[in-house]
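See below for the structure under consideration.
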Amino acid sequence: MSSSFLSGFSASLKTVTLAFVLRLCLALLLPPAAAGQEPSIPGFPEIPIDATEDQVRQRVALVRAGEKLTPRAWPNGARVAVCLSFDVDNELLWRRTPLPVPLSQGEYGATTGLPRILELLDRQSVPASFYIPAMSAALDPQMIQEILRGKRHEIGVHGWMHENLPMVADAAKEEKLLTQSIEYLTKATGKRPVGFRAPSWAFSESTLEQIQKAGFLYDSSFMAMDEPYKLLSHGQDTRMIELPINWIADDYPYYEPQAAGSLPDPELVFDVYKGEFDVAYQERTTFILTMHPHITGHRSRIAGLEKLIVYMKSKPGVWFATLDEVAEYVKAQQEQVKR
Ligand SMILES: [Zn+2]
């Protein structure tokens with residue numbers, strides 16, 4: 001085979017991969033209306049096609065992107081901040097259909113996925129942030145102890161029961177669950193969490209106000225930029241730092257049953273993540289990867305993740321940090337600029 005054929009083949013493979021990711025993102029993000037059903041999210045009715053510009057502005061104003069917060073330089077002159085993050089959902093992903101076999105798929109996160117991830121992080125001496133629903137931690141309390149043993153990781157809030165916040169549809173109930181979650185993790189870790197990641201990345205009308213009131217330093221649930229930014233609500237600075245995530249740098253769409261085995265190869269996932277990291281490195285911003293112990297914790301996938309970490313470590317000027325370290329740094333830089 002000629003090399004031009006091979007490079008053509010590799011280019012078309014990349015195109016196919018990209019097309020797959022885009023298709024999947026669309027499928028995940030399109031509201032049910034696109035499938036001919038009425039959207040049924042309480043408090044979020046459809047924006048009518050004859051809405052005025054003002055009405056549309058009002059409807060998108062609840063959470064908007066403000067100023068970019070990437071500092072002029074990362075610590076020690078690093079070019080990029082890399083955050084590995086894990087949402088420890090485990091069994092709670094099947095809360096609404098708690099059949100024994102799917103539950104065991106989640107339990108794998110506690111028995112095998114998390115220990116394997118922690119071993120990898122130790123081997124590579126890199127930190128990570130773990131977002132844990134309180135009930136996941138209660139089912140397997142050893143997880144928090146195992147994470148804390150590494151002494152370099154962060155634990156943040158990810159709901160009480162991995163509840164979908166807009167579906168709770170009751171601000172007081174939502175606030176109670178948030179308070180309980182903070183209290184649970186504070187007690188279990190000995191430190192009040194400073195980071196919030198919404199279960200299923202879903203915010204209700206009240207979530208932003210509630211996490212602001214609870215004193216969180218940062219959120220990591222939005223996708224309006226590829227770098228840290230300020231969260232605005234109705235045009236006002238909420239003083240919350242957003243450390244954004246996105247579906248491309250997430251293990252769920254590639255490996256979960258919805259992907260129907262269409263992209264099971266950790267090598268292809270490695271290529272996508274590497275492409276995201278390479279541009280973050282060029283742009284001197286952040287690369288935040290979201291994974292799940294019960295998904296990425298499987299054998300072949302851990303090997304893919306280790307390959308990625310080794311690749312990133314081979315580049316000069318890569319700062320591996322927890323999200324709270326990045327948020328603290330961004331905040332300190334902002335305060336210096338103001339002075
Ligand atoms: Zn989750």
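We count residues from 1, following the sequence as given.
- With D250 contributing its side chain and Y252 its backbone, the two residues share a donor-acceptor pair below 3.5 Å.
- E154 contributes atom CD, which lies 6.5 Å from atom NZ of K191 (distance to the nearest 0.5 angstrom).
- For H153 and F130, the distance between ring centers is under 6.0 angstrom.
- Inspection of the D226 and T285 side chains reveals no N or O donor paired with an N or O acceptor under 3.5 Å.
- You'll find the side chain of Y311 reaches within 4.5 Å of the side chain of K274, heavy atoms only.
- The nearest pair of heavy atoms linking L232 to L208 is O-CD2, 4.4 Å.
- Pairing each heavy atom of A134 with each of S181, the nearest pair is CB-CA, 4.4 Å.
- To the nearest 0.5 Å, atoms CE (M223) and CH2 (W247) are separated by 6.0 Å.
- Neither side chain, D278 nor Y273, offers a donor N or O lying under 3.5 Å from an acceptor on the other.
- With a 6.0 Å radius and a threshold of 12 heavy atoms from other residues, nucleotides or ligands, D324 has its CG atom above the threshold.
- Between the side chain of Q210 and the backbone N or O of A171 there is at least one donor-acceptor pair closer than 3.5 Å.
- Between L114 and I147, the closest side-chain pair of non-hydrogen atoms falls below 4.5 Å.
- D140 contributes no side-chain N or O that, together with a main-chain N or O of Q142, makes up a donor-acceptor pair within less than 3.5 Å.
- In summary, the side chains of T322 and E325 do present a donor paired with an acceptor at a separation below 3.5 Å, with no hydrogens or angles considered.
- Y329 and W319 have their aromatic ring centers within a separation under 6.0 angstrom.
- The closest side-chain heavy-atom distance from M161 to R95 is below 4.5 Å.
- Here the straight-line distance linking atom OG of S206 with atom CD of E175 works out to 8.5 Å at 0.5 Å rounding.
- Between the side chain of Y108 and the main chain of I295, no donor-acceptor pair closer than 3.5 Å is present.
- The closest side-chain heavy-atom distance from L289 to C83 is not below 4.5 Å.
- The backbone N or O of P71 sits nowhere less than 3.5 Å from a side-chain atom of Q333 that would complete a donor-acceptor pair.
- A cation-pi arrangement is not found for K68 relative to Y229, the charged atom failing to lie both closer than 6.0 Å to the ring centre and inside a 45° cone about the ring normal.
- The line from CG of D89 to NE2 of H294 is 6.5 Å long, rounded to the nearest 0.5 Å.
- Side-chain atoms of S204 and E174 form a donor-acceptor pair, as typed in the model, at a separation below 3.5 Å.
- Taking a cutoff of 4.0 Å between a charged side-chain nitrogen and a carboxylate oxygen, D87 and R197 qualify as a salt bridge.
- Within 6.0 Å of CD in Q236 there are 12 or fewer heavy atoms belonging to other residues, nucleotides or ligands.
- Ion pairing of E227 with R284 is absent here, as no side-chain N (NZ or NE/NH1/NH2) approaches a carboxylate O to less than 4.0 Å.
- Taking the charged nitrogens against the carboxylate oxygens, K187 and E183 have no contact shorter than 4.0 Å, which rules out a salt bridge.
- We find the CG-CD distance between D219 and E242 to be 4.0 Å, quoted to the nearest 0.5 Å.
- Of the possible polar contacts, one joining the S220 side chain to the L243 backbone as a donor-acceptor pair under 3.5 Å is found.
- Within a 6.0 Å sphere centred on CZ of R123, other residues, nucleotides and ligands contribute more than 12 heavy atoms.
- More than 12 heavy atoms of other residues, nucleotides or ligands lie within 6.0 Å of CZ in R59, so this atom counts as buried by the packing criterion.
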Inset, instruction - Verify ring-ring contact (aromatic ring centres under 6.0 Å, His included) between F287 and Y281, making sure each step is shown before the conclusion. - result: CA-CA 8 Å; F287 173 56; Y281 188 80; over 10 Å; no
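- Nearest heavy atoms, I302 versus R116: CG1-CD, 3.6 Å.
- Among all heavy-atom pairs drawn from A110 and M143, the shortest one is CB-SD, 3.7 Å.
- Contact check on D122 versus K151 returns no salt bridge, with no Lys/Arg side-chain nitrogen under 4.0 Å from an Asp/Glu carboxylate oxygen.
- Here NE2 of H298 is found 10.5 Å from OH of Y255. Values are rounded to the nearest 0.5 Å.
- Nearest heavy atom pair, residue P98 against residue R96, reads CD-C, 3.5 Å.
- T52 and D54 share no side-chain donor-acceptor pair at under 3.5 Å.
- Taking all atoms of both residues into account, the shortest heavy-atom contact from A128 to F86 is CB-CE1, 3.9 Å.
- For R64, the CZ atom sits in a loose shell: 12 or fewer heavy atoms of surrounding residues, nucleotides or ligands are nearer than 6.0 Å.
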